[in-house]
Amino acid sequence: MKFTRRKLAVAALASAGLGARSMQAPAPTPPEDPNAAAKEQGNKNSETLAKFDLPMSTEPAFQFKP
């Protein structure tokens, strides 16, 4: 049987993709209370962002106009 470089590359990529797919973690189960989960995630994100000190010059200049 003769393999071309393309066929060999496709076979290698296919086998790598199958191996990666089998090692994925199972899908997370949805939370009981989506509102509480969203609030908790927002609090985690807020705490993470609070760890970084950004100078005022980083903020973009804009105005809200009604």
Side-chain angles (χ1 to χ4, degrees):
M1 178 181 263
K2 224 177 183 186
F3 280 109
T4 63
R5 283 184 273 166
R6 282 188 183 170
K7 288 182 183 179
L8 186 61
V10 168
L13 290 175
S15 64
L18 291 176
R21 183 176 290 165
S22 65
M23 298 180 82
Q24 288 179 347
T29 57
E32 287 283 325
D33 184 15
N35 292 335
K39 187 174 182 179
E40 181 181 334
Q41 185 65 36
N43 289 338
K44 286 181 185 177
N45 291 343
S46 177
E47 290 171 4
T48 303
L49 289 173
K51 293 177 185 177
F52 299 100
D53 186 30
L54 294 176
M56 196 60 139
S57 62
T58 305
E59 295 292 325
F62 62 90
Q63 291 180 345
F64 290 109
K65 295 183 180 181

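Any value given below was found using the heavy atoms of this structure, including those in side chains, with hydrogens, waters and symmetry copies removed.
For N35, there are no side-chain hydrogen bond (donor to acceptor under 3.5 Å, both in side chains) partners, not counting sequence neighbours. For K51, the salt bridge (charged side-chain N to carboxylate O under 4.0 Å, His left out) criterion is met by no residue, not counting sequence neighbours. Not counting sequence neighbours, the partners of T4 by the side-chain contact (heavy atoms from CB on, under 4.5 Å) test are R6, K7.
Formation of a donor-acceptor pair under 3.5 Å by the T48 side chain with backbone atoms of K44 is found in this model.
One distance of note links CD of E40 with CG of N45; it measures 10.5 Å at 0.5 Å rounding.
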